[in-house]
Amino acid sequence: MWRPTFNNSLLCAWKLLGGFALLFMLLVHAQQDDDQSGFISIDCGLADNSSYSDETTGINYISDARFVDTGERQWPEYYSGYRKIYQSLRSFPQGRRNCYRIKVTSGTKYLIRALFLYGNYDGENKLPEFQLHLGPNFWATVRLIPGTKLVTFQELIHYVPAVQNYIHVCLVNTGSGVPFISALELRPLPNSTYPELKNNSLALINRRDTGGNREYRYPLDKLDRLWSVDYNRTDWSQLNTFKDITDSDYSSQPPSIVMKSAATPKNRTGSLDLYWEKVSGSKTKFLYYLHFAEVEKLPPNQSRLQYISKDGELFHEPFALSYLETTTISWRWSLTQNTTFSISKTKNSTIPPILNALEVYLVKEFSVSETNQEDVDAITDIKSAYKIKRNRQGDPCVPRDYIWEGVSCSSYENERPRIISLNLSSSGLTGEILPSIFNLTMIQTMDLSNNNLTGSVPEHFSQLPKLKTLNLEKNNLRGSIPGGLIQRRKHGLSLSLCDNPYLSEQVSCKKKKHNINIIAVAGTIFGILILLSTVAAVLWGFKRKRQQAG
Ligand SMILES: *[C@@H]1O[C@H](CO)[C@@H](O)[C@H](O)[C@H]1NC(C)=O
Ligand SMILES: *[C@@H]1O[C@H](CO)[C@@H](O)[C@H](O)[C@H]1NC(C)=O
Ligand SMILES: *[C@@H]1O[C@H](CO)[C@@H](O)[C@H](O)[C@H]1NC(C)=O
Ligand SMILES: *[C@@H]1O[C@H](CO)[C@@H](O)[C@H](O)[C@H]1NC(C)=O
Ligand SMILES: *[C@@H]1O[C@H](CO)[C@@H](O)[C@H](O)[C@H]1NC(C)=O
Ligand SMILES: *[C@@H]1O[C@H](CO)[C@@H](O)[C@H](O)[C@H]1NC(C)=O
Ligand SMILES: *[C@@H]1O[C@H](CO)[C@@H](O)[C@H](O)[C@H]1NC(C)=O
Ligand SMILES: *[C@@H]1O[C@H](CO)[C@@H](O)[C@H](O)[C@H]1NC(C)=O
Ligand SMILES: *[C@@H]1O[C@H](CO)[C@@H](O)[C@H](O)[C@H]1NC(C)=O
Ligand SMILES: *[C@@H]1O[C@H](CO)[C@@H](O)[C@H](O)[C@H]1NC(C)=O
Ligand SMILES: *[C@@H]1O[C@H](CO)[C@@H](O)[C@H](O)[C@H]1NC(C)=O
């Protein structure tokens with residue numbers, strides 16, 4: 001029986017089954033007129049700057065080196081029979097969270113797929129378990145289940161907001177083994193696809209070519225979705241057509257090759273049953289798509305009319321199918337109990353029901369907003385120009401557990417966080433003060449002290465409206481202090497420039513401390529003088545009193 005179940009382990013087993021399907025990938029050779037525009041295909045662990053064209057799909061894969069700062073290149077012991085993308089991987093033995101940063105087109109829907117083949121690369125023969133995050137939000141747990149099916153993948157359809165032009169895919173170590181990844185694939189989707197996706201994301205649970213017997217993807221599916229097959233439906237049989245099913249490049253309907261085959265019950269009066277097991281204690285919502293197209297040219301005295309029921313109750317009114325044209329029925333459903341959806345023929349239908357393809361997604365509400373894009377661009381530029389690596393990956397502000405070292409951020413609910421302070425004190429910074437620093441327009445505190453910064457003190461600092469504290473001491477800055485900054489200092493800016501020996505108005509930090517001491521000493525002396533004069537006055541008054549009395 002086909003029993004897709006939604007407790008976590010079985011859910012993963014389904015992913016495995018999907019991965020298994022990769023093994024049996026149809027050898028579809030790339031067509032001449034392939035259009036991979038916008039595809040980002042990353043083979044993790046591939047040598048820096050190298051790339052190749054995958055022989056089964058014609059997709060061009062590139063090395064992951066420029067998308068990630070950390071991790072180690074590794075090679076699985078077992079990968080024979082698998083695609084080339086699985087021949088290398090990147091593992092992350094260091095750090096709790098490691099992230100890929102990938103530039104994408106803003107305001108675009110993306111299909112994001114992460115693929116994994118362990119293959120005993122570490123010689124430990126122990127399958128790790130870890131988490132996958134998209135930016136600050138939890139995406140999925142990657143569980144590799146022992147058995148013959150070595151490959152697993154996670155897939156997400158995600159809308160990248162117009163105010164953002166990158167994504168972070170992060171691997172998080174949860175203490176159950178070292179995270180690793182074999183490949184990352186990003187496919188832009190036309191705006192018109194998956195219209196149900198609004199401010200949420202869709203995690204793939206199941207995408208099947210019911211009635212098919214091999215897996216399809218790009219170039220037959222222009223969107224490069226993986227259509228896997230049912231291996232074990234002993235109660236279903238297949239119907240096929242050689243004719244093409246009308247499809248449109250700009251819709252999310254399955255490609256013709258998937259729609260050309262359909263499943264139908266072996267029992268001609270039976271139904272096609274889809275059983276879904278409840279996810280324990282969650283409000284989890286699923287999005288279902290059932291795709292139908294008539295594949296038989298029916299004589300006039302025949303008709304195929306079918307309806308959908310849920311646990312025996314009518315769920316969707318009877319509907320007819322169009323010959324060689326796709327009809328999609330979709331709905332959202334929260335599984336509060338184990339549920340069977342059945343596709344059955346109506347009484348007056350002369351032939352049994354069919355189903356050509358189905359998709360099931362988990363609706364994910366990613367509630368944590370990522371940091372303001374300008375701030376991210378600026379801080380990323382600062383990080384790369386000054387070659388800072390440690391503990392600065394993924395989103396700089398969120399989640400709070402992984403905030404970048406030296407950064408602090410504002411956090412207003414429902415607003416993108418802003419960077420409000422930057423402390424790169426004693427970070428070995430060399431060269432001039434970068435212009436990108438002035439793109440951190442909400443900055444309040446900046447500490448660049450004790451580095452080797454050269455060049456002049458930029459006037460631009462005075463244009464940061466919120467700046468309250470600026471510490472540039474112990475550097476090699478030259479020239480004079482810009483007028484604007486002196487002006488700001490008069491209005492309360494705390495500015496420290498001591499120990500910059502080439503600055504025209506140079507002050508030594510030690511001397512400054514000395515000054516403070518002098519003030520302190522002067523204060524003390526002053527205090528003592530006051531005390532003494534008070535005592536003197538009191539004594540004098542006392543004396544006068546005594547004189548008056550006497
Ligand atoms: C296939 O179905 C049979 C019985 O229906 C079951 O025993 C077997 O475990 C299934 N195999 C897989 C791979 O699901
Ligand atoms: C990769 O290419 C870049 C730019 O062409 C170059 O700077 C870098 O050294 C190359 N890396 C390797 C490992 O060849
Ligand atoms: C995409 O669709 C949304 C509505 O769903 C619309 O607001 C937006 O302008 C569209 N973007 C493009 C590039 O067509
Ligand atoms: C076929 O399905 C009908 C209705 O579900 C059922 O009554 C009948 O027993 C089934 N026949 C077989 C051979 O399973
Ligand atoms: C439909 O008509 C054909 C002849 O045109 C006949 O052979 C067949 O039995 C009919 N089928 C039904 C279900 O009436
Ligand atoms: C749902 O299915 C699971 C596994 O088959 C079973 O353990 C559980 O009791 C079922 N729940 C209900 C409410 O029937
Ligand atoms: C078949 O039955 C359905 C209701 O089950 C009805 O809506 C439809 O009109 C009927 N079609 C014919 C050709 O009788
Ligand atoms: C998504 O949009 C709906 C209404 O369009 C709104 O109620 C909901 O709060 C939004 N969710 C998030 C996470 O922004
Ligand atoms: C800083 O802002 C300017 C103007 O808005 C922009 O041209 C520049 O690319 C930004 N720099 C970085 C590193 O974001
Ligand atoms: C910056 O960090 C250093 C320690 O790394 C600390 O001594 C200094 O006070 C910090 N600066 C600010 C402004 O908090
Ligand atoms: C600055 O650079 C010099 C050599 O170029 C080095 O000796 C010194 O330690 C550096 N200072 C800091 C604070 O990094």
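Start at 1 and go down the list; that is how both ligands and their atoms are numbered.
A donor-acceptor contact shorter than 3.5 Å links the side chain of N475 to the backbone of L448.
Note on E359 versus R208: no salt bridge recorded, every NZ/NE/NH1/NH2 to OD/OE distance being 4.0 Å or above. With salt bridges taken as basic N to acidic carboxylate O contacts below 4.0 Å, one links D375 and R418. Using a cutoff of 4.0 Å between basic side-chain nitrogens and carboxylate oxygens, R304 and E294 are scored as salt-bridged.
Distance from atom 5 (O) of ligand 9 to its nearest protein heavy atom, with residue and atom name: N439 ND2, 4.7 Å. For atom 3 (C) of ligand 4, the closest non-hydrogen atom on the protein side is T269 OG1, 3.4 Å. In terms of protein heavy-atom proximity, atom 14 (O) of ligand 4 is closest to N267 ND2, 3.4 Å. Among protein heavy atoms, atom 1 (C) of ligand 10 sits closest to N423 ND2, 1.4 Å. The protein non-hydrogen atom at the shortest distance from atom 9 (O) of ligand 10 is D447 OD2, 4.5 Å.
For F461 and F438, the distance between ring centers is under 6.0 angstrom.
Counting only heavy atoms, the protein gets under 4.0 Å from atom 11 (N) of ligand 4. Per-atom contact check: atom 7 (O) of ligand 4 does not touch the protein, criterion being a heavy-atom distance below 4.0 Å.
Distances below 4.0 Å separate heavy atoms of S436 from the following atoms of ligand 9: 13 (C). Of all atoms in ligand 9, listed by their number and element, those nearer than 4.0 Å to a heavy atom of D381 are 13 (C).
Using a 4.0 Å cut-off between heavy atoms, T445 contacts ligand 10 through its side chain alone, with no backbone atom that close.
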I would like to know whether T264 and I351 meet side-chain contact (heavy atoms from CB on, under 4.5 Å); could you show each step before the answer?
CA-CA 10 Å; T264 190; I351 43 178; over 6 Å; no

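With F315 as the partner, the ring pair (Phe, Tyr, Trp, His ring centres under 6.0 Å) test is satisfied by one option alone out of Y288, Y307, W331: W331.
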